[in-house]
Undergrad: 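Take this structure first; my questions come after.
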Amino acid sequence: MTSPRVNISPAQVLAALKSEGSSYAAARKLKIHQSTTLIIIARGTARQRASYKKWLERKKEQARKASPTLAKDRRAKALVTLQQGSALRESERRAERLHAQVVRLTQAKKFKLASPTKRHGKDDIVQVFMPDMHGHYHDPAAVAAFMGDMKRLQPDRLTNLGDFIDCGGFLAAHHVLGYVAQMEYSYEQDITDGNGVLDALQRDCPRTEIEMIEGNHEDRVERWCVGQSLGGGKDADYLRRAFAPQYLLNLKNRGINYYRRSESYDGLPIPGAIKRGKIIVVHDPGFSDPRRTLSRFGAPVVHGHDHQSHANVTSTVGQGDIGVWAFGCLAQRQQLYAHSRPTGHVHGYGIALQSRAGHFLMISVPIIDGVSYLGKAFT
């Protein structure tokens, strides 16, 4: 059905809608605007109004059927908007937390290294351990390197670990001479070489305290004296004072303490050993295996005698960290008594940096081909 189109005013449209039980809001919802040309004849016939009413009802029905879909779409859009908003808020909160962490980090105290503990105070000492030199059989290059280091180092104390003099020849009757070259040795030259080294040490290191432990080679003199005196105590002691290195090296007048193998010192239960700080110093600990030395002594041990260089350190419950150290020798490494068997002897000496409390740092200084590797630090 086609109705004549009549342009009417907004007031007429509103009046016509109200007369049909509708409203202006409903007309707007149905996209009917004031300015729309409606198929309404304000003064039309009843048939025309009825036709318009049916048309309006159909529009309402269509809008009603479409409303669930529209509502569902609106809810979906609202959910998406809600999720997006939630994600946005979470991102904002995360950004705020990160910002707070950055602020805390920038305001936190800067890491500062602790100041090192001073180890070399006025009461701390530099202790040097001089290994076996064997007098006449010393190695000139190794001794020269050692003496050069002492002149630069100026240690507080120097402890000779024994066998400073070889005491060979007639004093070593248990050694069978097998080479003519061995017959060139003389005890007089042995003592002369020893005095020469002590003279140089005391000249170059005038403030260094020097002490000497009797080794098994110096002990040969006492054994020889006992044998020559046929067991007479006074005669043996008289001979010892005439021939022993302790006297021929003039140690008493030099101010050098001498510790004999037959006497005990520093409250230790074994003879021939002394204690310096926490370190027990002995010529020969009696064991070739350092582990057995650690087990028997139960304390840090420095020794000579074997002409080898080694450091064996372990940690104990009662004594803390303890170890056994040897530093080699300053003697000829391949002497004739070994024949063609390589001895494996090495050159070197030891340094202990000792604190007032007795703690120490042990340093083994190798001397290779007459060159001290501590000496390189001075150049």
Undergrad: Please assess Tyr137 against Asp193 for the test side chain to side chain donor-acceptor pair (under 3.5 Å), listing each intermediate value before the final yes or no.
TA: CA-CA 9 Å; Tyr137 292 115; Asp193 291 347; over 6 Å; no
Undergrad: Taking 4.0 angstrom as the limit, do Glu263 and Arg260 come out as a salt bridge?
TA: yes
Undergrad: As a quick check of understanding, evaluate side-chain contact (heavy atoms from CB on, under 4.5 Å) for Ile191 and Leu249, giving each step before the final call.
TA: CA-CA 7 Å; Ile191 295 297; Leu249 294 174; 4.3 Å; yes
Undergrad: Give the minimum heavy-atom separation between Arg220 and Cys167, together with the two atoms involved.
TA: NH1-O, 3.0 Å
Undergrad: Do you know the tightest heavy-atom contact between Ile322 and Gly298?
TA: CD1-C, 3.9 Å
Undergrad: Using 0.5 Å steps for rounding, measure from the CZ atom of Phe327 to the CE atom of Met130.
TA: 13.5 Å
Undergrad: Please test Arg241 against Gln246 for side chain to side chain donor-acceptor pair (under 3.5 Å), starting from the C-alpha separation and ending with a verdict.
TA: CA-CA 8 Å; Arg241 283 186 278 110; Gln246 177 183 357; over 6 Å; no
Undergrad: Should Tyr258 and Tyr238 be counted in the same cluster of Ile, Leu, Val, Met, Phe, Trp and Tyr side chains packed under 4.5 Å apart?
TA: no
Undergrad: Tell me every residue that passes ring-ring contact (aromatic ring centres under 6.0 Å, His included) with Trp224, counting only those two or more places apart in sequence or in another chain.
TA: Phe170, Phe243
Undergrad: Is there a path from Met147 to Ile256 through hydrophobic residues (I, L, V, M, F, W, Y) whose side chains come within less than 4.5 Å of each other?
TA: yes
Undergrad: Quick check for you: to the nearest 0.5 Å, what is the distance between Asp237 atom CG and Ser229 atom OG?
TA: 9.5 Å
Undergrad: Flag yes if Leu268 and Ile279 sit in one hydrophobic cluster, no otherwise; membership is Ile, Leu, Val, Met, Phe, Trp, Tyr, and two members link when side-chain heavy atoms are under 4.5 Å apart.
TA: no
Undergrad: The test is side-chain contact (heavy atoms from CB on, under 4.5 Å); show your working for Lys278 and His359 and say whether it passes.
TA: CA-CA 7 Å; Lys278 295 185 176 182; His359 303 295; 3.1 Å; yes
Undergrad: Can you find a heavy atom in the side chain of Arg157 that is under 4.5 Å from one in the side chain of Thr159?
TA: yes
Undergrad: Would you name the heavy atoms of Pro155 and Val128 that are closest together and state the gap between them?
TA: CB-CG2, 3.6 Å
Undergrad: Please report the shortest heavy-atom distance between Leu171 and Val221, naming the atom on each side.
TA: CD1-CG2, 3.7 Å
Undergrad: For residues 281-289, which side-chain donor-acceptor pairs fall under 3.5 Å, sequence neighbours excluded?
TA:
unit_1, atom_1, unit_2, atom_2, d
His283, ND1, Leu161, O, 2.8
His283, NE2, Asp163, OD2, 3.3
His283, NE2, Asn216, OD1, 2.8
His283, NE2, His305, ND1, 3.2
Asp284, OD1, Gly286, N, 2.9
Asp289, OD1, Arg291, N, 3.0
Asp289, OD1, Arg291, NE, 3.3
Asp289, OD2, Arg291, NE, 3.4
Asp289, OD2, Arg291, NH2, 3.2

Undergrad: What distance do Lys151 atom NZ and Leu201 atom CG have between them, rounded to the nearest 0.5 Å?
TA: 12.0 Å
Undergrad: One pair to check against side-chain contact (heavy atoms from CB on, under 4.5 Å): Ile351 and Leu153. What are the steps and the verdict?
TA: CA-CA 10 Å; Ile351 300 175; Leu153 192 60; 3.7 Å; yes
Undergrad: Same cluster or not: are Phe360 and Ile274 linked, directly or through other Ile, Leu, Val, Met, Phe, Trp or Tyr residues, by side-chain heavy atoms under 4.5 angstrom apart?
TA: yes
Undergrad: Please list all pairs meeting salt bridge (charged side-chain N to carboxylate O under 4.0 Å, His left out) that have one or both residues in residues 337-350, counting only residues at least two apart or in different chains.
TA: none
Undergrad: In the structure I gave you, are the side-chain heavy atoms of Pro131 and Phe164 within less than 4.5 Å of one another anywhere?
TA: no
Undergrad: Check Asp199 with Arg203, please: is the shortest side-chain N to carboxylate O separation under 4.0 Å?
TA: no
Undergrad: For the residue pair Gln127 and Arg276, confirm or rule out a side-chain donor-acceptor distance under 3.5 Å.
TA: no
Undergrad: Quick one: CZ on Phe146 to NE2 on His138, what's the gap to the nearest 0.5 Å?
TA: 13.0 Å
Undergrad: Below 4.5 Å, heavy atoms only, C-beta onward: do Val365 and Ser372 meet side chain to side chain?
TA: yes
Undergrad: If you take all heavy atoms of Leu330 and Ala142, which pair is closest and at what distance?
TA: CD2-O, 4.0 Å
Undergrad: Will you find, in the side chains of His136 and Asp190, an N or O donor that is under 3.5 Å from an N or O acceptor?
TA: no
Undergrad: Roughly how far, to the nearest 0.5 Å, is CD1 of Ile363 from CG of Leu353?
TA: 4.5 Å
Undergrad: Check Glu218 with Arg261, please: is the shortest side-chain N to carboxylate O separation under 4.0 Å?
TA: no
Undergrad: Does Tyr259 form a side-chain contact (heavy atoms from CB on, under 4.5 Å) with Glu214? I'd like the steps, not just the answer.
TA: CA-CA 6 Å; Tyr259 301 99; Glu214 187 174 75; over 6 Å; no
Undergrad: Side chains of Ile280 and Val302, heavy atoms from C-beta outward: is any pair under 4.5 Å?
TA: no
Undergrad: Using the test ring-ring contact (aromatic ring centres under 6.0 Å, His included), find all partners of His347 that sit at least two apart in sequence or belong to another chain.
TA: none
Undergrad: For residues Asn160 and Ile213, determine if any side-chain heavy atom of one lies less than 4.5 Å from a side-chain heavy atom of the other.
TA: no
Undergrad: Identify the two heavy atoms, one from Ala145 and one from Gly370, that lie closest to each other, and give their separation to 0.1 Å.
TA: CB-O, 3.6 Å
Undergrad: If the condition is side-chain hydrogen bond (donor to acceptor under 3.5 Å, both in side chains), which residues does Asp369 pass it with, not counting sequence neighbours?
TA: none
Undergrad: So Gln332 and Gln334, do their side chains get closer than 4.5 Å, heavy atoms only?
TA: no
Undergrad: Please tell me if the side chains of Met133 and Val197 come closer than 4.5 Å, counting only heavy atoms from C-beta onward.
TA: yes
Undergrad: Is a donor from one side chain sitting under 3.5 angstrom from an acceptor on the other, for Thr208 and Gln154?
TA: no
Undergrad: Between the side chains of Glu90 and Arg97, is the shortest nitrogen-to-carboxylate-oxygen separation below 4.0 Å, so that they form an ion pair?
TA: yes
Undergrad: Among all residues two or more places apart in sequence or in another chain, which pass the ring-ring contact (aromatic ring centres under 6.0 Å, His included) test with Phe129?
TA: none
Undergrad: Is the shortest heavy-atom distance from the side chain of Glu209 to the side chain of Asp156 under 4.5 Å?
TA: no
Undergrad: For the CZ atom on Arg207, are there more than 12 heavy atoms of other groups (residues, nucleotides or ligands in this structure) within a distance under 6.0 Å?
TA: no
Undergrad: If I take atom CH2 from residue Trp325 and atom NE2 from residue His310, how far apart are they, to the nearest 0.5 angstrom?
TA: 11.0 Å
Undergrad: Would you find a donor on one side and an acceptor on the other, under 3.5 Å apart, between the side chain of Asp266 and the backbone of Lys275?
TA: yes
Undergrad: Hydrophobic clusters here meaning ILVMFWY residues chained together by side-chain heavy-atom distances under 4.5 Å, can you tell me if Val143 and Tyr185 are in one?
TA: yes
Undergrad: Taking atom types as modelled and ignoring hydrogens, do the side chains of Tyr349 and Asp149 form a donor-acceptor contact shorter than 3.5 angstrom?
TA: yes
